[in-house]
2 protein chains.
Amino acid sequence: MSGDTRDIQALIDLMARLPGLGPRSARRAVLHLIRKRAQLMTPLADALRDVAAGVRDCLNCGNVSTTEVCAICTSEKRETGEICVVEDVADLWAMERSGVFRGRYHVLGGTLSALDAVGPDELGIPRLLDRLDREGVQEVILALAVTVEGQTTAHYIADQMTGRDIAVTSLAQGVPVGGELDYLDDGTIGAALRARKSF
Amino acid sequence: MSGDTRDIQALIDLMARLPGLGPRSARRAVLHLIRKRAQLMTPLADALRDVAAGVRDCLNCGNVSTTEVCAICTSEKRETGEICVVEDVADLWAMERSGVFRGRYHVLGGTLSALDAVGPDELGIPRLLDRLDREGVQEVILALAVTVEGQTTAHYIADQMTGRDIAVTSLAQGVPVGGELDYLDDGTIGAALRARKSF
Ligand SMILES: [Zn+2]
Ligand SMILES: [Zn+2]
């Protein structure tokens, strides 16, 4: 790569930092972009800039949003009595694609981990508890992965609900052990949600 | 995906059009970018914009460049007596990574194809012939894939050299049949170049 292509190399290096892209696929992607300058490269630059400038975490639920509070939290079409707790936004998107859940979300942004010093505060659990009264929540659905970390976190949250008149359920049938929501097909998620059981 | 995330969805759709990325990996890439807004997303937007604004085809060789004539064509460190003919810029990059070739390039941008109406003009072959005298070329190395299309194109170019005092060689040993240069490791390309034979 020669002098005048230094910015092309810089672009390749940035692309190679995306998950799923290595140096070779980053090079191919950049050549493809160069060939499709008007149709793809410039629109992609604009879209990245717009999202980078506008995106933030929803103050209420932690979803990515371009407004202070996200569209799901403000939508009048969503049930206010149900909160589905997910580990990250990818899981929220997977739930939304299934089209089955009509309530709201709470995005933890991770799981409890003593090793990584991730405690309840880091996961926004106090914020979740605040929402329960404020939003008149009757059911909290724990849609966390069936992993040690996911279930430890689920149990911790369920414990915080003790003594409140709130049903705590978890996704049941259909979530494979060790499986992450984002990798499940929409039908599996729908079935798991419909068959949710008391936690 | 809800109202306020329409620009996030637009970004995912654009990312999914990159080679090697499908809808799922595009979603993962976008979430990764959102998490790394300052370190990755904004720099990537800037890099894409810079390259989109500055990149063009080198008027001499067809390489991607940010100047009218690319750095390889203008470099005083490159031999002017040798031109390596490649199908596309990915192949030029692969040759450069091998570090063995010190001459210049000619990027065809494709192979001859009656079906797709790709003739010599579309591949810049007249421009290649113009360069021979102007640059005092003594050797043309045909670094084209060992495919029917690649070899048809190579033979056509070799025929145009008849009657000129120019050696026409091709990459030999090490280029697997049906193999594209961009998929070869650097050592293989180096070996093929060193062992090039008269065409
Ligand atoms: Zn929200
Ligand atoms: Zn050039």
Side-chain angles (χ1 to χ4, degrees), chain A residues 1-8 10-11 13-15 17-21 24-55 58 63-67 69-72 74-75 88-90 93 96-97 182-183, chain B residues 1-8 10-11 13-15 17-21 24-55 58 63-67 69-72 74-75 88-90 93 96-97 182-183:
Chain A
M1 192 94 6
S2 310
D4 64 340
T5 50
R6 214 171 297 136
D7 48 0
I8 297 176
L11 175 57
D13 292 345
L14 287 166
M15 292 290 292
R17 287 168 58 191
L18 294 178
L21 285 179
R24 180 185 306 265
S25 44
R27 285 196 302 267
R28 299 219 146 239
V30 167
L31 274 179
H32 184 77
L33 285 163
I34 287 174
R35 285 189 202 110
K36 308 252 174 202
R37 232 161 296 173
Q39 312 99 292
L40 189 54
M41 194 177 213
T42 302
L44 182 59
D46 292 344
L48 283 165
R49 179 164 307 215
D50 289 350
V51 172
V55 82
C58 170
N63 186 14
V64 293
S65 174
T66 50
T67 44
V69 177
C70 79
I72 293 176
T74 52
S75 170
D88 61 28
V89 173
W93 288 356
E96 286 296 284
R97 285 198 302 281
D182 189 39
Y183 283 97
Chain B
M1 192 97 4
S2 311
D4 64 340
T5 50
R6 214 171 298 138
D7 47 0
I8 298 175
L11 175 57
D13 292 344
L14 286 167
M15 292 290 292
R17 287 167 57 190
L18 294 178
L21 285 180
R24 181 184 306 265
S25 45
R27 286 196 300 266
R28 298 218 148 240
V30 167
L31 274 179
H32 184 76
L33 285 163
I34 288 174
R35 286 187 200 110
K36 309 252 175 201
R37 231 162 297 174
Q39 313 99 293
L40 189 54
M41 194 177 212
T42 302
L44 182 59
D46 292 344
L48 283 165
R49 180 164 305 217
D50 290 350
V51 172
V55 83
C58 169
N63 186 15
V64 293
S65 174
T66 50
T67 45
V69 177
C70 80
I72 293 176
T74 52
S75 170
D88 61 29
V89 174
W93 288 356
E96 286 296 284
R97 285 198 302 280
D182 189 39
Y183 284 98

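Below, chain A is the first sequence line, B the second, and so on; all start at residue 1.
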**Report entry** Separation between CG of A:Leu48 and CG of B:Asp7, rounded to the nearest 0.5 Å
**Finding:** 11.0 Å
Query raised in the report: Do B:Arg37 side-chain atoms and A:Val55 backbone N/O form a donor-acceptor pair below 3.5 Å?
Result: yes
Report summary line: Checked A:Val89, A:Leu40, A:Leu21 vs chain B; the most non-hydrogen pairs under 4.5 Å come from A:Leu40
Report summary line: Looking only at A:Thr74, A:Val51, A:Ile34, A:Val30, most heavy-atom pairs under 4.5 Å shared with chain B are made by A:Val51
**Report entry** Close side-chain approach of B:Arg6 and A:Thr66, heavy atoms under 4.5 Å
**Finding:** no
**Report entry** side chain to side chain contact (heavy atoms under 4.5 Å, CB included) involving A:Thr42 - partner list, sequence neighbours excluded
**Finding:** A:Asp46, B:Ala52
Query raised in the report: Are any of the side-chain heavy atoms of B:Leu18 and A:Arg28 separated by less than 4.5 Å?
Result: no
Requested in this report: Heavy-atom distances under 4.5 Å only: say whether B:Arg17 touches chain A with side chain, backbone, both or neither.
Outcome: both
Report task. Apply side-chain contact (heavy atoms from CB on, under 4.5 Å) to B:Arg35 and A:Asp88, showing your working. Result -> CA-CA 11 Å; B:Arg35 286 187 200 110; A:Asp88 61 28; 4.0 Å; yes
Query raised in the report: Taking all atoms of both residues into account, what is the closest heavy-atom pair of B:Ala29 and A:Pro19, and its distance?
Result: CA-CG, 3.9 Å
Report summary line: Shortest non-hydrogen pair, A:Ala47 vs B:Leu11, comes out as CB-CD1, 3.9 Å
Requested in this report: Could you list the residues that satisfy side-chain hydrogen bond (donor to acceptor under 3.5 Å, both in side chains) with B:Asp13, not counting sequence neighbours?
Outcome: B:Gln9
Query - Inter-residue atom distance B:Met15.CE - A:Met15.CE, 0.5 Å rounding - result: 5.5 Å
Query raised in the report: What part of B:Leu33 is in contact with chain A, defined as an atom under 4.5 angstrom from a non-hydrogen atom: side chain, backbone, both or neither?
Result: side chain
